[in-house]
Amino acid sequence: MRALLMLPEMLTFGGGLVVLIGGSFLPRQRQWWARILAAAALAGAIAAALVGMTGPDQTAFTGTFAVDTATGVARIAAAVGVLLVLAIAGDEIAGTARESETYALLLFSTTGVLVLAGANDLLVLATGYLLASIPVYGLIGLRSTGLAAEAALKTYLMGALFGIILLLGITVFYGITGATRYDELARNLGGAPIAAVATSLVAVLAGLMFEAGALPAHFWVPDAAQGATGTAALFLTTVPKLGALIALYRVAIVLPNTVAWPLVIAIFAVATMTLGNLAAYWQQDPRRLLGWSTVSQVGYLLVPIAVAGHSELALPSLLFYLIGYTLTNSAAFAVSTALPDRRDLTGYRGLSRAQPWLAGALVVALLGLVGTPPTAVFVGKLTTATAAWDGGSAWLAALVFVNSLISLFYYLRWIIPLFQKPESTTAPTPRRCSTSIAILAAGLSLTVGIAAGPMWGALAAAPIR
């Protein structure tokens, strides 16, 4: 019965298998059945996750997989994120030759993300990394363009390199402790050689940085966001972050004080948010701009991990930020998918008059990514900076606000054209599903931000055990 603790993961992976096999027998005009099956599997996973969150924290498979609040949040947020992806996929890839394969890859990668989020053992962590990463290579390459091929190759090469580095770190951890389970590592790492602990820490951190899209493994993110389909771009800039960052938090809280791991993660956080913001400054392609925006957002999300164990606000701020980011980033990418031919910021001129609801959703999403009240990301950034201050890293809190202010420039470069006179008198005809999802996700971002109090209370009351 304890294996049923992983029912959401089983439903997600099983749904992927059913979609993959069943799609092979469906004619192209009936591939939408595969999307329905994928959505049903995700709905079942959400229901199972909600049931699991009503009980006490538990572990599955002899303590190697944790079923707690963080895992529950990842399960629900990931499933909701993929449901939004499936909705815009109905606009973009319906009736194409690789429709069912796309849905299967989405579900397989999501399963890996969930395994990463609940991993309580380094070997399970490695399994989740591979399962989350490998389908992404295929998702990026499904679009038959030169940009997609380049992005897929770059992602694959970087994923393979940082996967090897991750396995190296796991090997060193096992070599110096004789254990891979986190509770055993926590007991044994204190007396281990400092150089070996530092080496394995940096290696594991680097592997998870690829999955999260943070420096130094971030180069693939803007290329993939620009070259892949909107369906794949929305997924890879949103859902994998949930598993990678929660996994990094779990690793961080078992590390000994003999190495300065908070400073290492803080440096990665500052470098990532700053580089992402500066690189986004002069981007003209909206999806590439969102790709660099994703890099900067991961930098903010690393901040609470840098003070893990030093502030009780660290975990709830991380989880809340992940929820807010999932909704807000989904809204922004849904707008770009609703207008697939507008691949330059100037192409959005006059959108506020032609499509006021779509323009409003984009304004909410972009100002939300800046951290403007009352959006969910505003609450996430505020609590993240508060956690850094509470954890004794006031300088890190200050840099969160400085970088948020810096980011306002390039988001405004996209917002301002919405209210300018259009160059053409031809009004854009956006895709319906993507438009609806953009409005829905933007509305949810506002709702979560306004109703943050009860959600924050629930997250703060249930830390990782």
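- When all heavy atoms of Pro430 and Thr435 are compared, the pair lying nearest together is CB-OG1, 3.4 Å.
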message: Under the criterion salt bridge (charged side-chain N to carboxylate O under 4.0 Å, His left out), I'd like the reasoning laid out for Asp285 against Arg343: C-alpha separation, chi angles, the key distance, then a yes or no.
response: CA-CA 5 Å; Asp285 187 302; Arg343 297 306 294 264; 3.4 Å; yes

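- Within 6.0 Å of CD on Gln420 lie more than 12 heavy atoms contributed by other residues, nucleotides or ligands.
- Listed for the Ser133 side chain is no donor-acceptor partner under 3.5 Å among the backbone atoms of Leu130.
- In terms of heavy atoms, Ile323 sits closest to Met455 at CD1-SD, 4.1 Å.
- Listed for the Ser200 side chain is a donor-acceptor partner under 3.5 Å among the backbone atoms of Val197.
- Side chains of Thr386 and Trp389 form no contact here, defined as non-hydrogen atoms less than 4.5 Å apart.
- Residues Thr71 and Ala117 approach most closely at OG1-O, 4.0 Å, considering heavy atoms.
- When all heavy atoms are compared, the tightest approach of Pro256 to Gly190 is CB-CA, 4.1 Å.
- Side-chain N or O atoms of Asp390 include none that pairs as donor or acceptor with a backbone N or O of Ser311 at under 3.5 Å.
- In terms of modelled atom types and a separation under 3.5 Å, the side chain of Glu211 and the main chain of Ala244 share no donor-acceptor contact.
- Side chains of Leu345 and Gln283 form no contact here, defined as non-hydrogen atoms less than 4.5 Å apart.
- Among the candidates Val298, Leu263, Leu248, Leu205, the single residue satisfying the side-chain contact (heavy atoms from CB on, under 4.5 Å) test with Phe268 is Leu205.
- We find the CG-CG distance between Leu189 and Asn257 to be 11.5 Å, quoted to the nearest 0.5 Å.
- With Lys154 contributing its side chain and Val221 its backbone, the two residues share no donor-acceptor pair below 3.5 Å.
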message: Could you go through Asp121 and Thr64, starting from their C-alpha distance and side-chain angles, then the distance that decides it, and tell me whether this counts as side-chain hydrogen bond (donor to acceptor under 3.5 Å, both in side chains)?
response: CA-CA 5 Å; Asp121 184 283; Thr64 60; 5.8 Å; no

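- Side chains of Tyr321 and Gln297 form a contact here, defined as non-hydrogen atoms less than 4.5 Å apart.
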query: So Thr337 and Asp91, side-chain hydrogen bond (donor to acceptor under 3.5 Å, both in side chains) or not? Walk me through it.
result: CA-CA 9 Å; Thr337 308; Asp91 274 339; over 6 Å; no

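- Interatomic distance, Leu366 CG to Leu408 CG, rounded to the nearest 0.5 Å: 10.5 Å.
- Around CH2 of Trp395, the count of heavy atoms belonging to other residues, nucleotides or ligands within 6.0 Å exceeds 12.
- Remark: side-chain polar atoms of Lys241 are not paired, donor with acceptor, to backbone N or O of Thr326 under 3.5 angstrom.
- Although no hydrogens or angles enter the test, the distance criterion places no donor-acceptor pair under 3.5 Å between the side chain of Thr375 and the main chain of Gly449.
- For the atom pair CE of Met6 and CZ of Arg75, the computed distance is 7.0 Å after rounding to the nearest 0.5 Å.
- Rounded to the nearest 0.5 Å, atoms CH2 (Trp414) and OG1 (Thr346) are 12.5 Å apart.
- Not one N or O on the side chain of Asn120 forms a donor-acceptor pair closer than 3.5 Å with the backbone of Ala66.
- Taking 4.5 Å as the limit, every side-chain heavy atom of Val370 sits out of range of all side-chain heavy atoms of Leu412.
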- request: Mind running side chain to side chain contact (heavy atoms under 4.5 Å, CB included) on Leu290 and Thr237 for me, showing each step along the way?
  value: CA-CA 9 Å; Leu290 287 175; Thr237 58; over 6 Å; no

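- Taking the six-membered ring where the residue is Trp, Tyr137 and Tyr156 present perpendicular rings, their angle passing 60° and hence far from 30°.
- The aromatic rings of Phe409 and Trp282 lie perpendicular to each other, with more than 60° between the two planes, well past the 30° mark.
- Taking both residues in full, the closest heavy atoms of Ala452 and Phe320 are given as CB-CZ, 3.6 Å, listed atom of the first, atom of the second, then distance.
- With a 4.5 Å cut-off on side-chain heavy atoms, Tyr249 and Pro304 do not count as touching.
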- request: Mind running side chain to side chain contact (heavy atoms under 4.5 Å, CB included) on Leu382 and Phe378 for me, showing each step along the way?
  value: CA-CA 6 Å; Leu382 181 63; Phe378 163 73; 4.1 Å; yes

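- Panel note: side chain Arg413, backbone Tyr281; a donor-acceptor pair is recorded below 3.5 Å.
- Annotation: side chain of Ile194 is in contact with side chain of Val259 (closest heavy-atom distance under 4.5 Å).
- A donor-acceptor distance shorter than 3.5 angstrom exists from the side chain of Ser317 to the backbone of Ala314, with no hydrogens or angles considered.
- Once rounded to the nearest 0.5 Å, the distance linking OH of Tyr182 with CD1 of Ile253 reads 9.5 Å.
- Here the shortest heavy-atom pairing between Ile305 and Trp261 reads O-CZ3, 3.6 Å.
- In this structure the side chain of Val73 never reaches within 4.5 angstrom of the side chain of Leu322, judged on heavy atoms.
- Thr110 contributes atom OG1, which lies 10.5 Å from atom CG of Leu105 (distance to the nearest 0.5 angstrom).
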- prompt: Given Ile46 and Leu83, is the side chain to side chain contact (heavy atoms under 4.5 Å, CB included) satisfied, shown in steps?
  reply: CA-CA 11 Å; Ile46 291 175; Leu83 283 172; 3.9 Å; yes

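- Here the side chains of Leu50 and Ile76 are in contact, with some heavy-atom distance below 4.5 Å.
- Residue Arg432 qualifies as open at atom CZ: its count of foreign heavy atoms under 6.0 Å is 12 or below.
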